[in-house]
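As a basis for the values below, the full set of heavy atoms in this structure was taken, side chains included, without hydrogen atoms, waters or symmetry mates. Letters A, B, ... are given to chains in the order of the sequence lines, protein chains preceding strands, and every chain is numbered from 1.
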Amino acid sequence: MSVRARFAPSNTGYLHMGNTRTALFNFLFARNQKGTFILRVEDTDQQRSEDRYTEAIIDALQWLNMEPDEGPIFQTDRFDTYGEKIDQLLEEGKAYKCFCTPEELEAQRQEAQEAGRKPKYSGEWRDRTDHPDDQPFVVRIKMPLEGTITVKDLVQGEVTVNVEELDDFIIRRSDGTPTYNFVVVVDDVDMDISHVIRGSDHLNNTFRQIPVYRALGQQPPTFAHLPLIDGLSKRKGSASVQDYRDLGFLPEAVVNYLSRLGWSHGDQELFSMDELTSLFGFDSVGRSPSTFDEDKFRWVNSEWMKRLELSDLAERWVPFLKDRGFDVEVDDNLIAITDLMRERADTLVALTDESTYFFSDDFEYNEKAVKKWLSPDLKPAVEALADRLQSLEEWNSDAIGTLYRELGKEFDLGLAKLAQPTRIGLTGSTSSPSVFDLVATFSRDEVVVRLQKVIDELLTE
RNA sequence: GUCCCCUUCGUCUAGCCUGGUCCAGGACACCGGCCUUUCACGCCGGCGACACGGGUUCGAAUCCCGUAGGGGACGCCA
């Protein structure tokens, strides 16, 4: 039997990292088993469902390279099916009409709570036949009256609960719409889902859903309830996939980092999607919840920035540069800059922040740096530097390095005395890549112009 | 309140099933050093955990029981 796994988010919000991890594990398992990965949108919440969220979810999965093999399937397209199934259960006596009002139920819940009992429906209408004609009603499913229900879970192991914990829950509201715990089961049956992989907040639902499978005459699928992730909501608003994309994280890093929340493979930290799909299995999924750690996420991202093909990284960088108003495209120069800068940043945004001076000379000189490294007595040396750079035969790092050393000797200056003023002139501060590489990455004219500006503005009294 | 689940360094985790090789390994973060024309990167080193209490056993992070703490679920939401 082939594996069919589904990711079933509701379209009431953007795709958050917790959900993304669930999607990822479904995807990885399906791929690992040569099965099918399906997207189903649970859009039955009339109030909060929105198309733009559906689009965002699809867009996010695409970006992460986790496109579904089937779907999206929408539950709102399937209301007729749900209605038929409920009618069928009603006819078979496996479900019944309940005429209690929400107020009555609320009162009962309160009472039970206070008495220290589990707040559950009494089953009052389960066997009553004195149905009023003109009252609104809901449909409830009959839960077994005695015994236990056991979930065999790939992550949690066997979990058993006494049926006394369960009540006859509503499967059709008084407005005629079906409820979640019912439609999931109908959908999973119709979609021939073999493995239900979701957050462990659904573990308790599973005990309700298993009797539904049975009422429908179906075998429940295999379940895998993943431990939850803490610390997501606290992240001030930036918790959706596209938020992290905008922050300059790479999809490879999102996938890599998320895979390690709850799953592991020995001491290995870095995984490509291919490695993940071949290594993934529920044997290596832990049971305890984890915390989202942005520091480590950034580290994983920085590793991916170093691993990507240079031109690929440059290409992905361009949109961020354009966002800042720098009209660039991928060419040899941008690739050289990427090469020089990428190991100094952990996100594409950080990379942009660190690199602005390559694209604009509109920056302030760092005051402390100027004070420490620039004094008028350096003027002749810097003038000579600009001059000799202007006429240097070859424009590359080695040749430039040689020139700096020569000048150092001639003027009897340490390398720093020439290097730091150069940095200040080119970048505004003293932190940058190797000066020789730095200089070589700029055009000769640009270097001379910026050096001249230093001479005029900072070395001339 | 009731039920379910969880508990190894600050964080992610290896080890646990198949007790000894674990005075517990790796990674992030942090601290120190090296490299060096600066800042990073990199390299080297350091700090740092088996929640607690009972058992079982020659021996327990590993098995059993209990306690505490944390999370989840208890909707005419999904």
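- Side-chain N/O atoms of A:Y257 and A:R21 include no donor and acceptor closer than 3.5 Å.
- For A:S288 and B:C5, the shortest distance from a side-chain N or O to OP1 or OP2 is not below 4.0 Å.
- Remark: B:C47 base-pairs with no nucleotide in the shown strands. Criterion, Watson-Crick or G-U wobble with two distances under 3.5 Å.
- Remark: P of B:C6 and CG of A:L261 are 18 Å apart, rounded to the nearest angstrom.
- When the side-chain hydrogen bond (donor to acceptor under 3.5 Å, both in side chains) test is applied to A:R307, no partner is found at least two apart in sequence or on another chain.
- In this structure, A:R287 reaches the sugar-phosphate backbone alone: every heavy-atom distance under 4.0 Å involves primed, P, OP1 or OP2 atoms, never a base.
- With a 3.5 Å ceiling on both atom-pair distances, the Watson-Crick or G-U wobble partner of B:G53 is B:C65.
- Ring-plane geometry between A:H265 and A:W263 is classed as parallel, the angle between the planes falling under 30 degrees on a 0 to 90 degree scale with a further cut at 60.
- Residues A:V161 and A:N181 both approach RNA chain B. Their nearest nucleotides, taken by heavy-atom distance, put A:V161 toward the 5′ side.
- Screening residues 178-187 of chain A for side chain to side chain donor-acceptor pair (under 3.5 Å), with sequence neighbours left out, gives A:Q75-A:D187, A:R78-A:D187, A:Y82-A:D187, A:Y180-A:H202, A:N181-A:Q209.
- The existence of a salt bridge linking A:E55 and A:R52 is excluded, since no basic side-chain nitrogen approaches an acidic carboxylate oxygen closer than 4.0 Å.
- Counting only residues at least two apart or in different chains, ring-ring contact (aromatic ring centres under 6.0 Å, His included) contacts with residues 144-163 of chain A are absent.
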Using a cutoff of under 3.5 Å, can you pull out all pairs of nitrogen or oxygen atoms linking the protein to nucleotides 64-74 of chain B, with atom names and distances?
residue, atom, partner, partner atom, Å
B:G72, N2, A:N204, ND2, 3.4
B:A73, O4', A:N204, ND2, 3.3
B:C74, O2', A:P119, O, 3.3

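- A gap of 14 Å separates the P atoms of B:A40 and B:C34, to the nearest Å.
- Atoms CD1 and CZ, from A:I149 and A:R214 in turn, are 6.5 Å apart once rounded to the nearest 0.5 Å.
- Within 4.0 Å (heavy atoms only), A:P433 reaches at least one base atom of the nucleic acid.
- The side chain of A:V159 lies closest to B:C4, out of B:C4, B:U37, B:A78.
- For B:U38, neither phosphate oxygen OP1 nor OP2 lies less than 4.0 angstrom from any side-chain nitrogen or oxygen of A:K372.
- When the P atom of B:U37 is taken as reference, atom CG of A:L378 falls 17 Å away, rounded to whole Å.
- Comparing B:C41, B:U37, B:C12 by their closest approach to the side chain of A:E343 singles out B:C41.
- For the pair A:E354 CD and B:U38 C1', the interatomic distance rounds to 13 Å; values are reported in whole Å.
- B:C22: no Watson-Crick or G-U partner with both key distances under 3.5 Å is found in any strand.
- One donor-acceptor pair, N or O on each side, does fall under 3.5 Å between the base of B:C76 and the side chain of A:S174.
- Backbone-only contact: A:K306 has heavy atoms under 4.0 Å from sugar-phosphate atoms and none from a base.
- The listed nucleotides are B:A78, B:C6, B:C41; the one nearest the side chain of A:E42 is B:A78.
- With sequence neighbours left out, A:K120 forms a salt bridge (Lys or Arg N to Asp or Glu O under 4.0 Å) with no residue at all.
- Here the OG1-CZ distance, from A:T277 to A:F271, works out to 12.0 Å after rounding to the nearest 0.5 Å.
- A:S432 comes within 4.0 angstrom of a base, heavy atoms only.
- Across the protein-nucleic acid pair, A:I210 atom CD1 and B:C4 atom P stand 15 Å apart, rounded to whole Å.
- Screening residues 150-165 of chain A for salt bridge (charged side-chain N to carboxylate O under 4.0 Å, His left out) gives A:K118-A:E165 as the qualifying pairs, with residues at least two apart or on separate chains.
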Quiz item: Quick one: what's the B/S/- string for nucleotides 23-33 of chain B, heavy-atom cutoff under 4.0 Å, read 5' to 3'?
Solution: --BBBSS----
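- Here the separation of B:A51 from B:C43, taken at their C1' atoms, is 37 Å to the nearest Å.
- The phosphate of B:A78 (OP1 or OP2) has a side-chain N or O of A:T44 nearer than 4.0 angstrom.
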Mind listing the N/O atom pairs, protein and nucleotides 15-18 of chain B, below 3.5 Å?
none

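- Atom CG in A:L407 sits roughly 14 Å away from atom C1' in B:U37 (whole-Å rounding).
- The distance between atom CG of A:D437 and atom C1' of B:A40, rounded to the nearest whole Å, is 14 Å.
- Closest-nucleotide positions on RNA chain B for A:A419 and A:H265 were compared, and the one nearer the 5' end corresponds to A:H265.
- Within the nucleic acid shown, A:F436 comes within 4.0 Å of at least one base atom, counting heavy atoms only.
- If you check B:G75 for Watson-Crick or wobble pairing at under 3.5 angstrom, you find it has no partner at all.
- Note: CZ (A:F182) to C1' (B:G75) measures 18 Å, nearest angstrom.
- One C1' atom belongs to B:C16, the other to B:A49, and the distance between them is 16 Å to the nearest Å.
- Across the P atoms, B:C17 and B:C74 are found 35 Å apart, a figure rounded to whole Å.
- Atom pair A:I170:CD1 and B:A78:C1' shows a separation of 15 Å (rounding to whole Å applied).
- Heavy atoms of A:V435 sit under 4.0 angstrom from at least one base atom.
- Pairing of B:A60, defined by two Watson-Crick or G-U wobble distances under 3.5 Å, is not identified with any nucleotide.
- The salt bridge (Lys or Arg N to Asp or Glu O under 4.0 Å) search around A:D87 returns A:R172, not counting sequence neighbours.
- With sequence neighbours excluded, the residues forming a salt bridge (Lys or Arg N to Asp or Glu O under 4.0 Å) with A:R388 are A:E406, A:E410, listed by chain and number.
- When Watson-Crick and G-U wobble pairs are counted only if both distances are under 3.5 Å, B:A14 pairs with no nucleotide at all.
- An OP1 or OP2 oxygen of B:C76 is reached within less than 4.0 angstrom by no side-chain nitrogen or oxygen of A:T177.
- A salt bridge between A:R40 and A:D188 is present, with a side-chain N of the basic residue lying under 4.0 Å from a carboxylate O of the acidic one.
- Within the structure, the side chain to side chain donor-acceptor pair (under 3.5 Å) test picks out the following pairs touching residues 427-436 of chain A (sequence neighbours left out): A:R423-A:S432.
- Figure legend. B:G42 is base-paired to B:C34; pairs are counted as Watson-Crick or G-U wobble with both atom distances under 3.5 Å.
- A:G262 comes within 4.0 angstrom of the backbone, heavy atoms only, and of no base.
- For A:D168, the salt bridge (Lys or Arg N to Asp or Glu O under 4.0 Å) criterion is met by A:R126, not counting sequence neighbours.
- A:S355 contributes atom OG, which lies 7.5 Å from atom CG of A:L321 (distance to the nearest 0.5 angstrom).
- For B:A27 and B:C23, the C1' atoms lie 23 Å apart once the distance is rounded to whole Å.
- Looking at heavy-atom distances under 4.0 Å, A:C100 makes contact with a base.
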